[in-house]
Amino acid sequence: MGGYHLKVAVSEMWRERWINLLSALSIAVGLFLIALAVLGVYNVKIVTKKLPERFSITVFLKDGLSASEVQEINRAIRKNPGVKTLTYTSKEDALKDLKATLLDSDYVMEGLEENPLPASIAVGLRRDSVTDSSVEALARKIEGLVGVSEVEYGKKLLRVIESVRKGSEFAGGFLISALSAALIFVCYSTVKILFYRKKEEIETLTLLGATRWFIRAPFLIEGGLIGLGGGVLSSLAIAAFVYAGYRKLAASVPLMGAFSMPPELLYWMPLTGLCLGVAGSLIAIGRIKF
Amino acid sequence: MGGYHLKVAVSEMWRERWINLLSALSIAVGLFLIALAVLGVYNVKIVTKKLPERFSITVFLKDGLSASEVQEINRAIRKNPGVKTLTYTSKEDALKDLKATLLDSDYVMEGLEENPLPASIAVGLRRDSVTDSSVEALARKIEGLVGVSEVEYGKKLLRVIESVRKGSEFAGGFLISALSAALIFVCYSTVKILFYRKKEEIETLTLLGATRWFIRAPFLIEGGLIGLGGGVLSSLAIAAFVYAGYRKLAASVPLMGAFSMPPELLYWMPLTGLCLGVAGSLIAIGRIKF
Amino acid sequence: MDNIMISFDGVSKTYGHNPAIRNISFSIGKGEMSFLTGPSGAGKSTLLKLIYLAERPDSGTIFLDGMETEMVKESQVPWVRRKIGIVFQDFKLLPRTVFDNVALTLRIRWMHEDDVKPVVHETLKLVGLRHKADSYPAALSGGEQQRVVIARAIVGEPSVLLADEPTGNLDPDTAAGVMRVFREINARGTTILVATHNRELLKSTGNFIFRLDGGSLTEEMFQ
Amino acid sequence: MDNIMISFDGVSKTYGHNPAIRNISFSIGKGEMSFLTGPSGAGKSTLLKLIYLAERPDSGTIFLDGMETEMVKESQVPWVRRKIGIVFQDFKLLPRTVFDNVALTLRIRWMHEDDVKPVVHETLKLVGLRHKADSYPAALSGGEQQRVVIARAIVGEPSVLLADEPTGNLDPDTAAGVMRVFREINARGTTILVATHNRELLKSTGNFIFRLDGGSLTEEMFQ
Ligand SMILES: Nc1ncnc2c1ncn2[C@@H]1O[C@H](COP(=O)(O)OP(=O)(O)OP(=O)(O)O)[C@@H](O)[C@H]1O
Ligand SMILES: Nc1ncnc2c1ncn2[C@@H]1O[C@H](COP(=O)(O)OP(=O)(O)OP(=O)(O)O)[C@@H](O)[C@H]1O
Ligand SMILES: [Mg+2]
Ligand SMILES: [Mg+2]
């Protein structure tokens, strides 16, 4: 596979530039969509990890606990991994909060003899430990502590977040594997078409005593270059999409403000294209007898 | 364009079946993605139209209105288009609701001398009239009525729904137009490649005295058939996706329960493919001199 | 001028810097049969290409059946070509069956399919290939391919037949057979110009022979 | 057997139901120059294809330089073919420059690029095409193309040269020049087999002439 083969591959690619452009574009579109899927999954993960930062478990305490008993509960909760912050609200503070919420209507409570509200501890959670099951387990554990009357947490919200994350991972994975298979097929059929188109030339070469790999080398190079070209094109497209088109989209959809892109994507795509191209060529070469 | 040309087109397509398959598949993938985009926009519209069913404007009334004054307000609101239901809640009912909400803690209010809560009317809205601006206009209008103290509506929720709808329409429109252009390009280059591959044959035909359209007819037929084939393939893919793959997705993402598909899509896609194929062929034919 | 079919008047044709035809003048009468000879690369094929409008002269004028070829409109070219039967030096057979290759000439003129069949088979019989009608060119011997090209050129009963080295792949007996066919067609009024190296063909008497060398007409003789 | 280069022993080859070679036996000694003749479709090209392993016989055995061709492993075929120079009847030129077409024979053998150039130019000069080195086959006359094929066949100094109708597109003088080259190569030890209709080539004396008809060897003469 010396310079001679490279020269042949390049000049043949130029002669067949239309079909090669079509193939490279097919691959570029495929890689672009894969990249979009990767970006989607990536961003859903980021968003769903940010959301639980504001998410907490509220622990309601029984009435009449001493300060040291509250301390004890505090300590027991803090021992759990995933617990980040603990905020204690006394019975009195709870009442003040309720009064502030009722605003002008606070005379509603003027006749109260006893404060009916319980003291509580708000438990802030570390992002990475917030999953459907782990939060539920933590809540049960805290419920079992002496002095705790009730535990409340956003069970439903958590379920929704979890299902969005799972759904995006499932859909993304499905898309990515389907598209990868489609791309290998594109490279495969591109090279196979090249083979068929050059059937006569290949026949002539074999009659002149060329070995298999002498004939195959330019096809491998061509397949690789087409894949690489497709990858570079899709990198450019993604860059253009993220840095230009995306702003317009974000302007009309405020939800997308948190969108971001791992820069590695830009050089992973040409590499992936190259590999897909070579893989497709190898399959095509291996399957064609001559 | 008699049977002879159809025969030639079909036999040539068979000879070039690999490149034709590749083109048809490119078109199928493109149409499939377009269909997905259409489905996405369609479903977002359905969902955002369903959500506002539960959405209403709450009108708080001034204290001390007579029954006929309330009737008057009722009538004035009902006159507006888009208003579907009106539900009146008296001061007494409001207090009962609050007490029910406080549950065991209802002794909080035992000392109350006067009921501090206002009477209200919940205004249910017709789906189709719920847009950001129309609801705001309606709210302002109601606010101006005699006897109304305050109007409350889910301004923020409405904004989010609106922006999701707009965003999906924008992204869908962007995707659909980009993909349509890509598909015409695919047909165009497919036919152009066919032309280049058959350059010698075409040359021979012209030397034998064939007219332009005698030579072009098989290419038009071929382009149309390839587009049609791509359309049929994508129809099958969408049907498979909706009736089989979608269930798995829905099972893991409860949000997607409401998903549905207009059945017209299944025959619009082959038609679209056919038109794209013929369009691409016509462009390719028109631009190539021979 | 009425009885002149082909006439060149000071015609030159250069490919890039490479002159293929230099200031050539001659004329061929209607119903005549003439030969064109000369060494490899002398410009014989180029001269024929100028007649069937595949190349345009750089200077000079060419008349075909009373029309100046430079005046023929692009859209009229197919109709002019339908009057000409061509035996290409490089065959130019399409990858279809022998029958379809020969039938092409007729189908291009929208002849009805029912009429195509007997005419094609008749012509294939004339070149001895009736039994190869369903073969593809790739499965024919060199000489068989050449005879398919000849059949395709004559099947439409053209008023002019241009044959470029029509016997290069034929043995002397088969070549003589082809020449007999040409003479028959010629007798029915077709003007024929044959470019050839085959001395045996040239020996057959009673025809004009044009001799090209390096793009110039060096000899014009009547044998 | 040591001095036999090509030998056929009861060889037959049928395409479908169409027998192309029927029970043929003959042998050609090392360093000999022989001719193969016979009418169109007699089986000449098929016989040559059997020698260069493009077709396999249905029955009988073929020996090439002492090897039985049926015994040659698939992976060994390229090395066998590198010993053979072939002038194809249908040229089989690649759409590359004349230089690249001729150089191919050497590049396939991994000859160093520095050595390729002088050898190719030398050979092109031998067939009178030194000035066409950078042209593409499509821009050559029929005879020029044929000489490129001849150059490609002899540039590798093969031990066997198989030429299928090598002068079909050449004028008598150029054809005589090519035959002179063949004789030179033959004098240096290359075994040569030429399939041809050209009676003038056959007239040159001192060679074996095999005559095929309908796939059978009908005559074998020494002139
Ligand atoms: N398309 C082309 N571009 C450039 N040069 C050309 C082209 N076609 C022919 N030539 C050159 O023009 C000259 C005349 O070519 P032409 O084919 O007319 O020769 P010819 O007399 O038919 O020869 P032959 O007997 O070998 O077929 C040759 O030198 C050839 O190389
Ligand atoms: N690939 C093939 N498939 C089927 N039949 C074939 C094939 N190749 C050749 N033939 C037939 O075999 C017979 C011998 O062909 P071959 O090419 O050997 O003839 P030839 O002696 O070289 O003729 P010519 O002088 O015309 O080149 C012919 O009738 C031909 O039609
Ligand atoms: Mg010529
Ligand atoms: Mg032959």
Hey, which of C:R199, C:Q145, C:H197 has the most heavy atom pairs under 4.5 Å with chain D?
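Heavy-atom pair counts peak at C:H197.
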Choice from C:S40, C:G168, C:A20 maximising heavy atom contacts with chain D below 4.5 Å
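So the answer, after comparing C:S40, C:G168, C:A20, is C:S40.
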Using every non-hydrogen atom in the two residues, find where C:S141 and D:G41 come nearest and quote the distance to one decimal.
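Shortest heavy-atom contact: OG-N, 3.6 Å.
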If you look at every heavy atom in C:G38 and D:D171, which pair is closest and at what distance?
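For C:G38 versus D:D171, the nearest heavy atoms are O-CB, 4.1 Å.
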Output a table of donor-acceptor pairs, distance under 3.5 Å, between side-chain atoms of residues 82-90 of chain D and any protein atom two or more places apart or on a different chain; print 'none' if there are none.
| from | atom 1 | to | atom 2 | distance (Å) |
| --- | --- | --- | --- | --- |
| D:R82 | NE | A:G209 | O | 2.8 |
| D:R82 | NH2 | A:G209 | O | 3.2 |
| D:R82 | NH2 | D:I108 | O | 3.4 |
| D:K83 | NZ | D:D65 | OD2 | 3.4 |
| D:Q89 | OE1 | D:S45 | OG | 2.9 |
| D:Q89 | NE2 | C:N169 | OD1 | 3.0 |

Contact part of [X] toward chain D, heavy-atom cut-off under 4.5 Å: side chain, backbone, both or neither?
| X | value |
| --- | --- |
| C:N18 | side chain |
| C:K132 | side chain |
| C:E200 | side chain |

Can you tell me which portion of D:E165 sits under 4.5 Å from chain C's heavy atoms? Options are side chain, backbone, both or neither.
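Contact with chain C involves the side chain of D:E165 alone.
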Tell me whether the count of non-hydrogen atoms from other residues, nucleotides or ligands lying under 6.0 Å of CD in C:E157 goes above 12.
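Open.
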Is the number of heavy atoms from other residues, nucleotides or ligands within 6.0 Å of CZ (C:F91) greater than 12?
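Counting other residues, nucleotides and ligands, CZ of C:F91 exceeds 12 neighbours.
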Between D:P172, D:G143, D:G43, which residue shows the highest count of heavy-atom pairs closer than 4.5 Å to chain C?
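Highest number of heavy-atom pairs under 4.5 Å: D:P172.
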